[in-house]
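These numbers come from the heavy atoms of this one structure, side chains and all, not from hydrogens, waters or symmetry mates. We name chains A, B, ... by the order of the sequence lines, and we start the count at 1 in each one.
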Protein chains: 2
Amino acid sequence: MAGEQEKGTVRAVERALDILLCFAGSETELGLSDIAKRIGLHKSTVHRLLASLESKGFIRRHPQTEKYRLGWSVLELVSNVYQSDDLSSIVSPEMTRLRDLLGETISLYVLSGIERIRIQAIESKQPVRRVANVGRRLPLYVGASGKVLLAYSSEELLEELMTDSSWPPELSRDEFRHALQQVRESGYAVSIEEREPGAAAVAAPIRGRNGEAVAALSISGPVDRFTPEAVERFAQEVRKSAEMLTKMLSH
Amino acid sequence: MAGEQEKGTVRAVERALDILLCFAGSETELGLSDIAKRIGLHKSTVHRLLASLESKGFIRRHPQTEKYRLGWSVLELVSNVYQSDDLSSIVSPEMTRLRDLLGETISLYVLSGIERIRIQAIESKQPVRRVANVGRRLPLYVGASGKVLLAYSSEELLEELMTDSSWPPELSRDEFRHALQQVRESGYAVSIEEREPGAAAVAAPIRGRNGEAVAALSISGPVDRFTPEAVERFAQEVRKSAEMLTKMLSH
DNA sequence: CGATGGGTTTCATTAGGTGAAACCACGTTT
DNA sequence: AAACGTGGTTTCACCTAATGAAACCCATCG
């Protein structure tokens, strides 16, 4: 389903970008008809939009299968995403330090719309570890980082999320608000197998000048390593780091 | 200058992608008027195209400066570029082995139009090393990898490059052809401060089923470490790896 | 053979994309 | 103070570029 067009935008461009975003998940290769079905446009329209993306190198066709894949132009942009991001260049060394100190995978999440994106990850060196794909988009209503981002964001965002069709029906809004209040009081959030079986996480907010969350700093790993003692230690360290980074970002 | 439109493409989309590609170099932040000047379109057109890119998260505005930067949607695509690339997943372990064996930075380049792009890099661990930015676009007429890619590509590509306005006037076409013939005979290319002062490289081709270059495997580092003895050793190892990878890619 | 499915090309239609101009805000200069 | 320059935002008339539909091509399968 092609998305609603916003005012002052170019519909054709939005459609082409929707095509690109078909490749944002785990789909590595798609055919013309697949894509046309996904975004709900006529084959001939999609064909032209794909040709446009291909002409600028954002899409390429695989020689053998002849299906469409992402092109190298995406790579050309990627190093610049980090260069242009003040946040991750400042936070990266501290994330590495935390990973080395605590031995688990450290991730950094930011808000994007009513979701979160993992924009940076430093993986544990242990044989069994949390694998963390940069660029991954995740819901806000589940997991430690989601709660942290919400707890330190505007009421409008929370309302918007709670009225969105993606809000799980079985999730009590009152209980969720209560959980966010607890996050605000303790300064961190814990998630034990909440988002994914076998995985646990602890997160704390990196805040901006207005006190709102700029990012969530998170430690995650296999749930068996997140004993109550470990969680307590992780929480202390992650919160301390987040507070230090909050101060650094104010200058 | 907005590029020429190809047949069967959507002009608006190509223009928007040209805007995105303004951020492919070292420019991290651009204003509306900057961009309009760069691609030669009216401000109001650029404004709308930017709004479209922003609506899908490919562009964002920096809170303080209010200038445009790349957005997180680029990150969402990036892990998929590698997943969808058979080549780099196969070559990556061998690149790491070479880096550990030889101690220098290993890079992988592919053809894109009449240029090359570094699609993968495993950096040396030495304090003084070659820094290798993935996604970097470079000319074919200079450097070891450029020569390797050309030596094992079609005559048409070489003609196209030599007639392009980017071909340096002081570079003899006959001598260049001769150099490519030498690459074909030896199976590798050497570049000593050819592309950049203080830097040197040795490269060999990874070929496809038709014998043409699929990629160039390259070792690069500070020129003082590329003694004749070292170059000889590097050439042997890189060429051996490239041949092994050529065989692997045939199955 | 016909049916199906993936992709490519052609064509008539119309509304969406465009450039220009006006507008706004802000900082600098006279 | 007014004028000017610069960066960004909005409105509007115009027209051609984007679109969907249909036809076409090719390969595979029953």
Side-chain angles (χ1 to χ4, degrees), chain A residues 1-23 27-71 84, chain B residues 1-23 25 27-71 84 209:
Chain A
M1 210 50 52
E4 282 276 304
Q5 188 183 358
E6 302 199 38
K7 298 115 296 200
T9 59
V10 178
R11 187 180 64 169
V13 171
E14 288 184 310
R15 285 175 163 181
L17 297 174
D18 283 335
I19 291 178
L20 258 196
L21 289 170
C22 287
F23 296 92
E27 299 284 359
T28 59
E29 189 169 88
L30 292 162
L32 170 67
S33 303
D34 294 331
I35 294 166
K37 247 182 263 147
R38 271 177 181 244
I39 69 172
L41 292 177
H42 196 91
K43 278 196 298 180
S44 58
T45 299
V46 172
H47 190 251
R48 269 190 303 268
L49 295 173
L50 281 168
S52 310
L53 289 163
E54 194 173 359
S55 79
K56 300 296 177 182
F58 284 87
I59 288 278
R60 66 192 160 111
R61 293 188 80 172
H62 192 269
Q64 274 85 49
T65 63
E66 301 226 326
K67 291 197 173 193
Y68 295 95
R69 293 177 174 208
L70 287 175
S84 69
Chain B
M1 215 42 57
E4 282 277 304
Q5 187 182 359
E6 301 198 36
K7 297 115 293 195
T9 60
V10 178
R11 188 181 61 168
V13 171
E14 288 184 307
R15 285 174 164 182
L17 298 174
D18 282 335
I19 292 178
L20 258 197
L21 289 169
C22 285
F23 296 92
E27 299 284 1
T28 60
E29 188 169 90
L30 291 162
L32 170 67
S33 301
D34 294 332
I35 296 168
K37 248 184 258 138
R38 275 178 177 243
I39 70 173
L41 292 176
H42 196 90
K43 279 196 297 181
S44 59
T45 299
V46 173
H47 190 251
R48 268 192 303 268
L49 296 173
L50 281 167
S52 310
L53 290 163
E54 196 173 357
S55 79
K56 298 296 178 184
F58 285 88
I59 288 279
R60 67 191 159 110
R61 293 184 86 169
H62 192 270
Q64 274 85 51
T65 63
E66 300 226 324
K67 291 194 172 195
Y68 295 94
R69 297 179 170 204
L70 288 175
S84 69
R209 293 183 191 123

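- Within the 4.5 Å cutoff, the side chain of A:Phe58 has heavy atoms near those of the B:Leu20 side chain.
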query = What one-letter contact string describes nucleotides 25-30 of chain D from 5' to 3', where B marks a base within less than 4.0 Å of any protein heavy atom, S marks contact via sugar-phosphate atoms alone, and - marks no contact?
reply = ------

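- Atom-to-atom distance recorded for B:Leu32:CG and B:Glu66:CD is 12.5 Å, nearest 0.5 angstrom.
- Residues forming a side-chain contact (heavy atoms from CB on, under 4.5 Å) with B:Ala36 (at least two apart in sequence, or on another chain): B:Lys43, B:Val46.
- Taken from NZ in B:Lys56 to OG in B:Ser52, the straight-line distance is 9.5 Å, to the nearest 0.5 Å.
- A:Leu49 contributes atom CG, which lies 10.5 Å from atom CD of B:Glu14 (distance to the nearest 0.5 angstrom).
- Mapping A:Glu66 and A:Val13 onto DNA chain C via the closest heavy atom, the residue that lands nearer the 5' end is A:Glu66.
- To the nearest 0.5 Å, atoms CD (A:Glu29) and OG1 (A:Thr65) are separated by 3.5 Å.
- Contact check for B:Leu30 versus B:Arg38: side-chain heavy atoms found under the 4.5 Å cut-off.
- Taken to the nearest 0.5 Å, the CG atom of A:Leu41 stands 7.0 Å off from the CD1 atom of A:Ile19.
- In terms of the side-chain contact (heavy atoms from CB on, under 4.5 Å) criterion, residue partners of A:Ser44 (sequence neighbours excluded) are, by chain and number, A:His42, A:Arg48.
- The CG-P distance, from B:Leu53 to C:dG17, rounds to 13 Å in whole Å.
- Looking only at side-chain heavy atoms (C-beta outward), B:Ile59 and B:Phe23 come within less than 4.5 Å of each other.
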Base-pairing string, 5' to 3', of DNA chain C - Watson-Crick or wobble, under 3.5 Å, | interstrand = ||||||||||||||||||||||||||||||

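- Within the 3.5 Å criterion, the main-chain N or O of A:Leu70 finds a donor-acceptor partner in the side chain of A:Arg60.
- For C:dG6, the OP1/OP2 oxygens have no side-chain nitrogen or oxygen of A:Arg61 closer than 4.0 Å.
- Near DNA chain C, defined here as any heavy-atom distance below 4.0 Å, the residues from residues 42-52 of chain A are A:Lys43, A:Ser44, A:His47, listed numerically.
- As rounded to whole Å, 8 Å separates atom P of C:dT18 from atom CG of B:Leu41.
- The shortest distance between the side-chain N/O atoms of B:Arg15 and the OP1/OP2 oxygens of C:dT18 is below 4.0 Å.
- Rounded to whole Å, the distance from NZ on B:Lys37 to C1' on D:dG5 is 12 Å.
- With rounding to whole Å, B:Lys67 atom NZ is found 13 Å from D:dT9 atom P.
- Rounded to an integer number of Å, the gap from CG of B:Leu32 to P of C:dC26 is 17 Å.
- Between A:Ile35 atom CD1 and C:dG7 atom P the separation is 8 Å, expressed in whole Å.
- When the P atom of D:dA18 is taken as reference, atom CD1 of A:Ile39 falls 16 Å away, rounded to whole Å.
- In this structure, CZ of B:Arg11 is placed 16 Å from P of C:dG16, rounded to the nearest angstrom.
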